[in-house]
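One structure is given here, and the rest of the page talks about it.
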Amino acid sequence: MHDAAAGSVTFFTDHYVNARAAQASDMIAVQLRETGLVTVDGLRSRHHVLAFASRLMDLTSHPHSAQDGLTLIRDTGSHAYRAGFAGLGNGELQAHTERSGTPQPPRLMLLVCLRPALTGGDVLIADGAHVYGRLLDSCPEAAMKLAQPRTACYGAGVGYATQVITAHTEGRISIRLRQDSLARWSPVVRPYLPHLRGAIADSQHRIVLQAGQGYLLDNHRWLHARMPFSGDRRLLRALGEPCFSMPNGFSPLSSAVLGRPANHDGEEATVKGAERVEVGTTMFDARHPHRPGHGRPEAEMKLRPIHGDRARMCRGQGH
């Protein structure tokens with residue numbers, strides 16, 4: 001995790017767009033298509049946050065949102081131990097995407113700090129493109145398994161059967177994830193969750209938000225988390241669909257972008273095992289998410305088989 005204080009400032013600056021600039025909306029749209037993340041400042045009131053969000057997205061409601069579509073994120077003192085309500089406590093939040101248990105999660109999420117915590121409360125944010133690239137590099141089998149349809153079930157009750165990685169046309173993918181008690185997993189993917197969590201941890205950047213600062217992200221690409229905190233920390237969140245065009249998902253990053261080591265010939269190492277070689281089927285019963293079921297078969301991407309020491313390490317049987 002990239003967590004130095006100077007790194008936090010640099011990361012915020014690298015993705016910053018002046019929301020008050022004349023062409024801010026156009027610049028934000030371009031940056032969201034390219035990197036999926038924009039950082040902003042100067043949003044010091046609910047009015048400012050709502051006005052900014054309304055310029056860029058059609059707001060969608062949330063069970064915890066007010067009539068204007070914004071949700072106040074704070075420690076209520078009464079929600080922390082309720083399943084699915086950890087965001088309204090002061091404890092750690094593991095990396096997740098918003099509304100993962102709905103058929104179509106909102107594409108955009110805006111989170112703005114109104115009042116920072118007394119201590120802690122830092123945001124941990126990870127680019128799903130980096131997470132996916134690291135999975136392919138360290139354990140291609142994990143990337144394949146996590147893309148099998150209906151291998152995750154998110155939400156209370158029956159929940160919504162889906163998968164962590166979803167493939168789209170032209171090689172693009174999207175990610176949806178939750179890791180609390182309302183996430184249930186098929187035995188197919190459960191052994192590979194440590195690899196996923198490791199790839200997320202290796203991809204995370206820490207952001208220390210001050211009053212008026214925030215970030216706008218592609219909720220189908222970026223995962224965000226929170227560290228425990230004390231004090232009256234208050235943030236506003238907006239969810240919605242962009243008022244501009246965005247293609248489905250994101251393009252996986254090249255090994256050059258990920259900064260992988262060179263091979264023995266001095267050339268950049270390339271990702272192996274990510275080639276689509278055949279189509280199979282998998283089934284997952286949402287009523288019994290801990291075992292394969294007899295639901296509707298869906299397409300599944302399969303990777304080349306992995307053999308030898310690398311396969312044993314990928315399954316947690318190596319070093």
Side-chain angles (χ1 to χ4, degrees), residues 36 94-103 105 126-155 159-168 171-180 182-204 218-225 248-253 258 271-286 289-293 295 297-306 310-317:
Q94 296 188 62
H96 64 282
T97 59
E98 294 294 327
R99 306 291 281 151
S100 58
T102 61
D127 186 350
H130 284 264
V131 173
Y132 182 70
R134 286 186 165 91
L135 277 176
L136 285 179
D137 193 40
S138 64
C139 185
E141 188 174 356
M144 180 269 287
K145 296 296 185 181
L146 291 165
Q148 289 189 11
R150 301 172 66 83
T151 48
C153 189
Y154 301 142
Y160 183 76
T162 182
Q163 58 280 337
V164 175
I165 299 168
T166 298
H168 303 285
R172 300 177 70 87
I173 62 171
S174 60
I175 288 180
R176 68 163 80 194
L177 178 68
R178 71 182 303 159
Q179 300 188 75
D180 60 3
L182 296 184
R184 292 159 286 173
W185 306 97
S186 163
V188 171
V189 298
R190 202 175 298 134
Y192 300 95
L193 295 179
H195 295 283
L196 173 63
R197 291 169 182 141
I200 292 172
D202 289 342
S203 304
Q204 283 179 324
D218 180 350
N219 186 51
H220 295 184
R221 172 171 177 170
W222 286 81
L223 303 108
H224 64 127
N248 286 332
F250 57 90
S251 296
L253 297 178
L258 288 170
V271 175
K272 303 291 186 183
E275 183 178 346
R276 187 180 304 184
V277 294
E278 63 176 307
V279 175
T281 59
T282 187
M283 294 181 288
F284 183 68
D285 188 348
H290 293 294
R291 60 177 173 83
E298 296 190 43
E300 165 195 340
M301 289 198 312
K302 290 189 176 181
L303 306 180
R304 290 184 182 275
I306 307 167
R310 194 177 185 193
R312 287 192 291 273
M313 291 180 67
C314 186
R315 294 180 176 89
Q317 299 169 2

>> Please check: side-chain N/O of T97 versus main-chain N/O of L177, any donor-acceptor pairing under 3.5 Å?
In response: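 Yes.
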
> Does V189 reach the side chain of L196, with side-chain heavy atoms less than 4.5 Å apart?
Replying inline: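 They are not in side-chain contact.
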
>> Within the 4.5 Å heavy-atom criterion, are Q94 and D180 side-chain neighbours or not?
In response: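 Of all side-chain heavy-atom pairs linking D180 with Q94, none is under 4.5 Å.
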
> Closest heavy-atom contact between T102 and R99?
Replying inline: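 In this case the closest contact between T102 and R99 is OG1-O, 2.7 Å.
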
From [X] atom [atom1] to [Y] atom [atom2], the distance as rounded to the nearest 0.5 Å:
X: R178; Y: R184; atom1: CZ; atom2: CZ; answer: 9.5 Å
X: K145; Y: S186; atom1: NZ; atom2: OG; answer: 9.0 Å
X: L146; Y: E141; atom1: CG; atom2: CD; answer: 10.5 Å

> Taking only residues two or more places apart in sequence, or in another chain, which ones meet R221 in a salt bridge (charged side-chain N to carboxylate O under 4.0 Å, His left out)?
Replying inline: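 Counting only residues at least two positions away or on another chain, R221 forms a salt bridge (charged side-chain N to carboxylate O under 4.0 Å, His left out) with D127.
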
By side chain to side chain donor-acceptor pair (under 3.5 Å), which residues pair with [X], not counting sequence neighbours?
X: N219; answer: none
X: S251; answer: R172
X: E98; answer: H96, H224, R237

>> Going by side-chain contact (heavy atoms from CB on, under 4.5 Å), name the residues that satisfy it together with S174, two or more places apart in sequence or in a different chain.
In response: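 Counting only residues at least two positions away or on another chain, S174 forms a side-chain contact (heavy atoms from CB on, under 4.5 Å) with T166, H168, H220.
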
>> Can you list everything that forms a side-chain contact (heavy atoms from CB on, under 4.5 Å) with A199? Sequence neighbours excluded, please.
In response: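 Scan of A199 (side-chain contact (heavy atoms from CB on, under 4.5 Å), adjacent residues dropped) gives V131, R134, L135.
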
>> Checking Y154 now: which residues fulfil ring pair (Phe, Tyr, Trp, His ring centres under 6.0 Å) with it, not counting sequence neighbours?
In response: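 Applying ring pair (Phe, Tyr, Trp, His ring centres under 6.0 Å) to Y154 gives W185.
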
